[in-house]
2 protein chains.
Amino acid sequence: MTGDFLAIGELGRRTDTKVETIRYYERIGLLAAPGRTAGNYRAYGSEHLNRLSFIRRSRDLGFSLDHVRALLGLADQRNRSCDAVDAIAKEHRAEVDRKIADLHALRRELDNMIDQCRCGTVADCRIIDALSP
Amino acid sequence: MTGDFLAIGELGRRTDTKVETIRYYERIGLLAAPGRTAGNYRAYGSEHLNRLSFIRRSRDLGFSLDHVRALLGLADQRNRSCDAVDAIAKEHRAEVDRKIADLHALRRELDNMIDQCRCGTVADCRIIDALSP
DNA sequence: TATGGACCCTGTAGCAACTACAGGGTCAAG
DNA sequence: CTTGACCCTGTAGTTGCTACAGGGTCCATA
């Protein structure tokens, strides 16, 4: 695997992606199947590197694979308005907000519970109490 | 299904749990298998109702099934110190804190990205830019 | 007594988004 | 010519359910 092409392991190192994950992305049609070498190794070019970097970055930002798929599709239609991109990002942000709110509420409840524990026996444990019906 | 016993559907209604979920909990050994009626229906008693309520409450607080399993085990040893219970709760709280922090960081990044979008064409979309390598 | 509908049974497959093998083939260095 | 790092396919596991398919049971009503 010399010259312009990358083996899957090298692509993985450059994008901080596990080899199995790359193959998985290919299987579900997120990353185009690359050409093969004589020995049937996948041979990736720079377009794959770019594409996978985009995917990884989107995933790091918490977008679902469905959202990533949509973003990739939109990114290719250079002349379109980017409203749809904006909409996906905002929808995602709203969901992140919901999750944060949920976790804050959860945290408050956990705090209440833990604060009341006097660490005696289980029989008079306030945490167990709080969980019991 | 009269008297002291509950059919699975009734147990589900009382604990706000889907029937399939109850059977799932039984399958993975989280909820003890109840007796059966002549017609092979599961017949739950009040101990199952209490147990499942405990499970649901723990799940609502975000404990993993493994944690719930541990908490159930501890809840039964009434004479033990409740340190282990406390430890599980605090570990869980720490994880919730981590998740909150992660989501806050994520939210900031999303905000930056979305704020820069001038909503022109995809070709000069800042969101796509931000995702691209 | 028959029948309809609500309920129950088991078993299996599906979801997200990977991850981890098993059991093999390829390639380059020493 | 062998060793070890890499690659291949295919399948099964993870978490916590959820959704069938294809049947059996129970009870009220006609």
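To find a chain, count down the sequence lines: A is the first, B the second, and so on, and within it residues start at 1.
OP1 or OP2 of dC17(D) lies within a sub-4.0 Å distance of a side-chain N or O belonging to Arg59(B). Between dT10(C) and Arg36(B), a contact under 4.0 Å exists linking OP1 or OP2 to a side-chain N or O. A close approach under 4.0 Å does not occur between any side-chain nitrogen or oxygen of Arg42(A) and OP1 or OP2 of dT26(C). Side-chain N/O atoms of Tyr25(B) include one lying less than 4.0 angstrom from OP1 or OP2 on dC17(D). Checking the phosphate oxygens (OP1, OP2) of dG16(D), no side-chain nitrogen or oxygen of Thr21(B) falls inside 4.0 Å.
Using the six-membered ring where Trp is involved, His92(A) and Phe63(A) have ring planes that are tilted, between 30° and 60° apart. Ring-plane geometry between His104(B) and His104(A) is classed as tilted, the angle between the planes lying from 30 to 60 degrees on a 0 to 90 degree scale.
Atom P of nucleotide dC18(C) and atom CD1 of Ile55(A) are separated by 10 Å, given to the nearest angstrom. Straight-line distance from the OH atom of Tyr24(A) to the C1' atom of dG13(D): 14 Å, rounded to whole Å. Distance, Ile8(B) CD1 to dC26(D) P: 16 Å, rounded to whole Å. Following rounding to the nearest Å, Tyr44(B) (OH) and dC9(C) (C1') show an atom-to-atom distance of 11 Å. If you take CD1 of Ile28(B) and P of dT18(D), they are 12 Å apart, rounded to a whole angstrom. Here the C1' atom of nucleotide dC7(C) and the CD atom of Glu20(B) are 12 Å apart, to the nearest Å. Atom CG in Leu52(A) sits roughly 14 Å away from atom C1' in dC18(C) (whole-Å rounding). Atom CD in Glu26(B) sits roughly 9 Å away from atom P in dC9(C) (whole-Å rounding).
Distance check: Ile55(A) CD1 to Leu30(A) CG gives 4.0 Å after rounding to the nearest 0.5 Å.
You'll find the side chain of Thr37(A) stays beyond 4.5 Å of the side chain of Phe5(A), heavy atoms only.
Shown for residues 60-70 of chain A: no residue has heavy atoms falling under 4.0 angstrom of DNA chain D.
When each of Lys18(A) and Gly39(A) is assigned the nucleotide of DNA chain C bearing its nearest heavy atom, the one mapping closer to the 5' terminus is Lys18(A).
Of the candidate nucleotides dT19(C), dC9(C), dC8(D), dC9(C) has the atom nearest to the side chain of Asn40(B).
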message = As a quick check of understanding, evaluate salt bridge (Lys or Arg N to Asp or Glu O under 4.0 Å) for Arg23(B) and Glu20(B), giving each step before the final call.
response = CA-CA 5 Å; Arg23(B) 285 197 284 248; Glu20(B) 288 92 342; 5.1 Å; no
Check against salt bridge (Lys or Arg N to Asp or Glu O under 4.0 Å), Arg98(B) and Asp102(B) = CA-CA 6 Å; Arg98(B) 275 195 298 279; Asp102(B) 285 355; over 6 Å; no
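Among Thr21(A), Thr15(A), Asp16(A), the one residue that satisfies the side chain to side chain contact (heavy atoms under 4.5 Å, CB included) test with Lys18(A) is Thr21(A).
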